[in-house]
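Report on the following structure.
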Amino acid sequence: MDNIELRQIALAGGTILLALLGIIYIGARPKAGGKNPPGPRGLPILGNALQVPNQHLGAYFRSLLETYGGIVSLNLAGSRVILIGDIRLAKNVLEKRAVKYSARPKAYYINNYIDPEEVYWGFHNQTAAFHIARKLTTGVMSSVRAGVTEPLQHFESLRSIQLLLNDGGKDWLRHINGVPASTTLAAAFGIQYDAPELKEAINAVEELTKLSAPTASIINIFPFLDWIPGPMPWRTRARAYRKHENELYESLVREAVSGKNSGMNTWAAEFARDDKPEGNQSRFMNIFAATAKTAVALQSFILACVMHPEWTRKAQQQIDDIIGPDRLPSFADRPRLPFIEAAMRETMRWRPGVRFGLPHESTADDIIDYNGEQYFIPAGTTVFAVTWAIEHDPTKYADPDSFDPERFLDDKGQLRSNYETSSFGFGRRICPGIPFAERTLWIEMAMLLWTFNIRKAEGPSSETGLAFQYDDSDAGFTGNVTSAPRDFPAVFEPRSARHAEVVRREWEDCEKDLNILLPAAKG
Ligand code: HEM
């Protein structure tokens, strides 16, 4: 849903509403028993639509929450939006009242053309299909929790580390992005990191991301245009995408279930098994090609190493004390390396990849109590839990823009027990991929810190002739639904010749065959 342009959509939506219906806007009025949450004053008809920026929506939402408190109401040309900037309230609404707050707002182009069969179940409401897909995902994630994918995740991280060693970080973004992409697609479909299908699957997700943006098609704004018969551009593009996508995923699932990858314990094989009560559900596998959010977290981690290197010395000290210079970290070391865990939590807090979560939609009228006030939330309200505000609440996180993993550690250097985060969403729609994402992040961060000192590139850039200006403010990040650091150079220096030699040796000796890394269950 990148390139979101709420303002344009709301503006056009509001205008068309007026023109077609000729109604006089009466505003989103409070009902008996509760008032509207506070928010900026809007215009007649358009409400706040003209105030909403096209980019950096997360920053705008955060500034509103700082001005008005932990809950803000916006009226986008008649559509009601609630922003939440307080984790207690987010849990109270999206978790305790999940029955009312777990739908997704509908998008015309996605629902009617891009994904009419609702296989990308994260976009859609809680239908029977959604419950089946979610249950199966919880099932594969329980084997992830049990460690089934850890050998694969260890291998993929080691692969990226030796690539970084070989080029000193010249192509670091590609190597780092490759980790979540090939780990997820191997676990899901058994795709090898060098298989052509990997690139194809990533391209298909990129196209889906574009097509699912609210601005992807004029019919999101003017659905009545869809009455025009014939080969309109939105139909042609969606049809081409669907055809290519169906062929791609059918072949990925076929290879995983009965073809060359069928010797592996993949999620596709699990979804396709027809001896379970739900039968073969492999059509829900497409969603697992999305790996961007994990990649963004790794990019932000590299930015934190480059711009705020002070903390890396402490992390490396702990790694040296526990592991020493003769081997790389492995998952077995995780309980003894709380600093890495804290650095991972701080990365997710400091520059969350999804700055205002994914929208939930309420399905029944509700009244919520907050700070002594009662607020009325009508059915059909879009609710955003704004991570960018929640994770930067100065009453909870001192100096919230500084990168400081130690805020998650107690006096003895152990992890504090009260950890909670908004970065993965809430309630019935909370990210089901957390166990997999966390393992990918942890092992990659541990290996990077063991092997390298990661620093800024010095000297003038060959392209501009000027020193590169590093920037961790909003301007240094893309301002879409997924907020990633803009490209920046980084140098990956091995901490010693010994460290480099150990990486090369472990890479040479490690198991590389996915059939062995992900063995199919016997019997
Ligand atoms: C650092 C990495 C990740 C982040 C920050 C992240 C974040 C999120 C967020 C914020 C949501 C929306 C939650 C809500 O609506 O309340 C979500 C949904 C989802 N995520 Fe993740 N995610 C990550 C990695 C993954 C991975 C690795 C997978 C799968 C292997 C995954 C699968 C999903 C799915 C299927 C949904 C839709 C759930 C639903 O609608 O019920 N995510 N994620």
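A quick note: this is a predicted structure, and the numbers were derived from the prediction, not measured. Indexing begins at 1, ligand by ligand and atom by atom, following the structure's order.
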Using modelled atom types only, decide if a donor and an acceptor are shared between the side chain of E511 and the backbone of D513 within a distance under 3.5 Å. yes
Is it true that E420 and R88 make a salt bridge, defined as a side-chain N closer than 4.0 Å to a carboxylate O? yes
What protein heavy atom sits nearest [atom], and how far away is it?
{"atom": "atom 38 (C) of ligand 1", "value": "R134 NH1, 3.5 Å"}
{"atom": "atom 35 (C) of ligand 1", "value": "W121 CH2, 3.5 Å"}
{"atom": "atom 16 (O) of ligand 1", "value": "H360 NE2, 2.8 Å"}
{"atom": "atom 13 (C) of ligand 1", "value": "R429 O, 3.0 Å"}
{"atom": "atom 37 (C) of ligand 1", "value": "G122 CA, 3.8 Å"}
{"atom": "atom 10 (C) of ligand 1", "value": "S423 O, 3.5 Å"}
{"atom": "atom 27 (C) of ligand 1", "value": "T294 OG1, 3.9 Å"}
{"atom": "atom 34 (C) of ligand 1", "value": "P432 CD, 3.4 Å"}

Counting heavy atoms only, which of Q126, R439, M344, R104 is nearest atom 40 (O) of ligand 1? R104
Heavy atoms only: which of G433, A295, C431 is nearest to atom 21 (Fe) of ligand 1? C431
Determine, step by step, whether W267 and F284 satisfy the ring-ring contact (aromatic ring centres under 6.0 Å, His included) criterion, reporting the C-alpha distance in whole Å, the side-chain angles of both residues, the deciding distance to 0.1 Å, and the verdict. CA-CA 10 Å; W267 301 341; F284 292 123; over 10 Å; no
Is [X] touching ligand 1 with its side chain, its backbone, both, or neither, if touching means heavy atoms under 4.0 Å apart?
{"X": "I287", "value": "side chain"}
{"X": "A385", "value": "neither"}
{"X": "F424", "value": "both"}

Any atoms of ligand 1 less than 4.0 Å from a non-hydrogen atom of [X]? List them with their elements.
{"X": "M348", "answer": "1 (C), 5 (C)"}
{"X": "F426", "answer": "16 (O)"}
{"X": "L358", "answer": "12 (C), 15 (O)"}
{"X": "F130", "answer": "41 (O)"}
{"X": "A437", "answer": "2 (C), 24 (C)"}

Are Y419 and F408 an aromatic pair by the rule of ring centers under 6.0 Å? yes
Distance-only polar pair, side chains of Q192 and N261, donor-acceptor under 3.5 Å: no
Would you tell me whether T149 and Q153 have side-chain atoms, one donor and one acceptor, within less than 3.5 Å of each other? yes
Taking atom OG1 of T382 and atom NE2 of H360, what is their separation to the nearest 0.5 Å? 11.0 Å
Close approach of [X] to ligand 1, heavy atoms, under 4.0 angstrom:
{"X": "M141", "value": "yes"}
{"X": "F123", "value": "no"}
{"X": "G353", "value": "no"}
{"X": "H124", "value": "no"}

Ignoring hydrogens, what is the shortest heavy-atom contact between A187 and L518? Give both atom names and the distance. CA-CD1, 4.0 Å
Heavy-atom pair of closest approach, residues R334 and R439: NH1-CG, 3.9 Å
Between F288 and the options Y249, F271, F436, the ring pair (Phe, Tyr, Trp, His ring centres under 6.0 Å) test singles out F271
Can you tell me which residue among Y101, F61, F426 is in a ring pair (Phe, Tyr, Trp, His ring centres under 6.0 Å) with F384? F61
Where do F452 and T312 land on the side chain to side chain contact (heavy atoms under 4.5 Å, CB included) test, with the steps shown first? CA-CA 10 Å; F452 297 110; T312 59; over 6 Å; no
Could you check if a side-chain atom of R349 sits within less than 4.5 angstrom of a side-chain atom of H392, using non-hydrogen atoms only? yes
